[in-house]
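Take a look at the structure set out below.
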Amino acid sequence: MGKFRKQDSVDAAVAQAIAGKVRRGLLAWYRREYRQLPWRVAPRRVGDRRSAADPYRVLVSEAMLQQTQVATVVDYYRRFIERFPTIEHLAEAGEEEVYKLWEGLGYYRRARLLHRAARVVVGERAGRFPRCFEDLLRLPGVGRYTAGAVASIAFGRAVPAVDGNVIRVVSRILALPEPPDDPLLRKRCEKIAAQWVSPRDPGDFNQAMMELGAVVCRPRNPQCGRCPLVKLCVGRQSGKPERFGVGAKPATVLPVVHRVFVVEHEDKRTGRRRWIVERRGPVGLWSGLWQFLTIEAPAEGDQPQLESIAGIRLGARGGGKRSGSLMLHFDHRTTHRLVRFEVRWFHVKHRLNIGDGRKWADLSAVLKLPMSNPHRRILAALQSQAGVAAAR
DNA sequence: AATGCGGGGGG
DNA sequence: CCCCCAGCATT
């Protein structure tokens, strides 16, 4: 215990000694080098008044940017804001549509929580957006980083916003050896960043720290020659800046199998094809997204009976000779899972009764549903199969 | 304190 | 192929 308190006071003294240089150097660099991004307001120049950022747009961008790189977010952000230009638009939307705009971005819980946050602000706070760190922290999906980012960028509060970039930058400047996923290191960096943050331009300062981490102080091959803080960087002086702020613990990857049963019915008169789709549960991988009928099993599990899948009898009415044969297989890797997809295709002559949470959907309906990338891939295969069949 | 949650960029 | 990314909620 006493050890940490002593460490804190040492940190505080060292950080204070260079605070002015860090602040000025970083802000001057950021005003020259900042990237224009759709959610970003240009940094305030000396003598200017601060231009206001829309807190709703800042919140949307920060939610999308959690564990996701800027380049990936840009198009998603544009589409999202075009559809939901204000927090009221988002609060009024159905969850399904919010998910659809998040499709392919990953970490889908963020979409659900952002949607909830909008409903909290509009429904429980009469549209008054929380303006301080503590109140922001109470919103669903808003943790210490996001609360700090919105409070500083949208409301000019002098609070830190410590993400992975900031942890790496601070770790290198002060040569802190702990790996970046150490919670204690995060707390240390937050206290230090709180000392450094510009009281006058906290939003610009926080964005400058992250920008530096993303563009210059990168995990590998840091561009120290372009860094405005190179002279006071202890990590650089040690000769090996890339040793600091890297080396998170690797995740354990569990192999699993998703057996997918594409149950297809073709209307004889119209030729319209329909498939059974189902919605995944509220927790776990791809929660809330839609998929073709799927049975999940451990990698070493038994083959499910093909005559009866998820309570649906297929065998008696099964279609042509190829029905039930393996149509497609591929591996899909996430951080914690190696998912083997085994896709089988069944043709049925009637639209069977199917359980709750499932429905028959034609192509245009399926395209409107939010689905995971692997299931979009399966759909693409179905479409090309149909093309081949039609050409014959 | 540890774990689960996706997908893409870049060496 | 591997590491990492403008984190958060849950246990």
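Within every chain, numbering begins at 1; the chains are lettered A, B, ... in the order of the sequence lines, protein sequences first and strands thereafter.
Of the candidate nucleotides B:dG7, C:dC8, C:dA6, C:dC8 has the atom nearest to the side chain of A:R109. Distances from the side chain of A:V70 to the nucleotides C:dA6, C:dC4, C:dC5 place C:dA6 closest. Distance from the side chain of A:K249 is smallest to B:dT3 among C:dG7, C:dA6, B:dT3.
For A:R32 and A:Y34, the positive end is not near the middle of the six-membered ring at less than 6.0 Å and at most 45° from its axis.
A straight line from OH of A:Y107 to P of B:dT3 spans 15 Å, rounded to a whole angstrom. Atom CD of A:E178 and atom P of B:dA1 are 13 Å apart (whole Å). The distance from atom CZ of A:R280 to atom P of B:dC5 is 9 Å, rounded to the nearest whole Å.
A:R168 comes within 4.0 angstrom of sugar-phosphate atoms only, judged by non-hydrogen atoms across all strands, and of no base. Among the atoms of the strands shown, only primed sugar atoms or phosphate atoms (P, OP1, OP2) are found under 4.0 Å from some heavy atom of A:R144. Within 4.0 Å (heavy atoms only), A:G247 reaches sugar-phosphate atoms of the nucleic acid but no base atom.
In terms of phosphate contacts, A:N221 brings no side-chain nitrogen or oxygen within less than 4.0 Å of OP1 or OP2 of B:dG10.
Positionally, the nearest nucleotide of DNA chain C for A:P250 lies more toward the 5' end than for the other of A:L139 and A:P250.
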